[in-house]
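Okay, so here's the structure we're looking at.
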Amino acid sequence: MSLSSTKEDTSTLANQLEKSLTIKAETTEIESNGLSPKKSHKHQNYLIWDDYFMAMALLSAKRSKDPVTQVGACIVDKQNRIVAIGYNGFPRNCSDDVFPWTKNSEDSMEDKKLYVVHAEANAILNSNSTSLVGTCLYTTLFPCNECTKLIIQSGIQRVLYISDKYAHKAKYRASRRMLDAARITYSHYEPTQKEIVINFNDI
Ligand SMILES: Nc1ccn([C@H]2C[C@H](O)[C@@H](COP(=O)(O)O)O2)c(=O)n1
Ligand SMILES: [Zn+2]
């Protein structure tokens, strides 16, 4: 390189340098992962579909005001589109400040189970008349018998869940019985990663 090179020469040189650095970077990626240069440019740490949908169910559960069990549900169609989402809560206009979140209260009218709409039921109701035939339900808790009736009647084909903590209870055994009869598959979901951190400053 001559010290007396013109502005034009310098920019040509810079272009060449940039080109050669790009080629070098691509070559390194090819050597390290065996992919073609184009493919190797994608983000390596993206969410797979199942983790993504279950994470949506978990995020939705965070909206629930139930002090014992927050449940979230997310319904997805065959094209991987989220068609509905829901969490457990009281019906519209039934205020959380008026209705009880208590359980096994001595006053039978003060038990949350009389009033709560379950996450799966809310998701189905939130689907806004979209057909749910052939869809998959991601839920953080295995569906109870009442939600299972809705699942079957709405045409949901597959259920993935995280917790099955009430499996021994009659309601949940009845669920399995109905799901089996209706040939709806259900399985425990094992996420591929332990946690997903959402940081609002992370953009
Ligand atoms: N599959 C389910 C099961 C239960 N829920 C709701 C109903 C209650 O709000 C809560 C369970 O409370 P716990 O008996 O654990 O005190 O979860 C639901 O949304 N979906
Ligand atoms: Zn239920």
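Owing to the predicted nature of the structure, the values given are computational and were not obtained by experimental measurement. Just so you know, ligand 1 is whichever comes first in the structure, and atom 1 is the first atom listed for that ligand.
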Where [X] and [Y] come nearest, the two heavy atoms and their spacing:
X: L141; Y: E120; answer: O-OE2, 3.5 Å
X: T148; Y: M178; answer: CG2-CB, 3.9 Å
X: N145; Y: S175; answer: N-OG, 3.1 Å
X: K78; Y: G134; answer: NZ-O, 3.5 Å

Does the side chain of N80 pick up a donor-acceptor pair with the side chain of Y52 at under 3.5 Å?
no

Distance from [atom] to nearest protein heavy atom, with residue and atom:
atom: atom 11 (C) of ligand 1; answer: T69 CB, 3.7 Å
atom: atom 8 (C) of ligand 1; answer: D66 OD2, 3.3 Å
atom: atom 6 (C) of ligand 1; answer: N88 ND2, 3.6 Å
atom: atom 7 (C) of ligand 1; answer: H118 NE2, 3.3 Å

Report the part of [X] in contact with ligand 1, treating N, CA, C, O as backbone and CB onward as side chain, heavy atoms under 4.0 Å; options are side chain, backbone, both, neither.
X: V71; result: side chain
X: A119; result: both
X: V116; result: side chain

So between E120, K169, K103, whose heavy atom ends up nearest atom 2 (C) of ligand 1?
E120

Closest to atom 3 (C) of ligand 1 (heavy atoms only, candidates Y166, Y172, F142) is Y172

Atoms in ligand 1 with a heavy atom of [X] nearer than 4.0 Å:
X: K112; answer: 12 (O), 13 (P), 16 (O)
X: C144; answer: 1 (N)
X: L141; answer: 1 (N), 2 (C), 3 (C), 4 (C)

Whether R177 engages the ring of Y172 as a cation-pi pair (distance to the six-membered ring centre under 6.0 angstrom, angle to the ring normal within 45°) should be assessed.
no

Other residues, nucleotides, ligands: >12 heavy atoms within 6.0 Å of N93 CG
no

Pair up each side-chain donor or acceptor in residues 63-73 with any protein partner under 3.5 Å, not counting sequence neighbours, and list the distances.
unit_1	atom_1	unit_2	atom_2	d
R63	NE	Y87	OH	3.3
R63	NH2	Y87	OH	3.1
S64	OG	D66	N	3.2
S64	OG	N88	O	3.0
S64	OG	N88	OD1	2.9
K65	NZ	D96	OD2	3.2
D66	OD1	V68	N	2.8
D66	OD1	T69	N	3.2
D66	OD1	K112	NZ	3.0
D66	OD2	K112	NZ	2.9
T69	OG1	K165	NZ	2.9
Q70	NE2	A61	O	3.4
Q70	NE2	S64	O	2.8

With the threshold set at under 4.0 angstrom, would you say P143 reaches ligand 1 through any of its heavy atoms?
yes

Is it true that [X] and [Y] fall in one hydrophobic cluster, defined by side-chain heavy atoms closer than 4.5 Å?
X: F90; Y: V117; result: no
X: F142; Y: Y189; result: no
X: V133; Y: L125; result: no
X: L160; Y: L132; result: no

Under 2.8 Å from the Zn ion (ligand 2), protein N/O/S atom count?
3

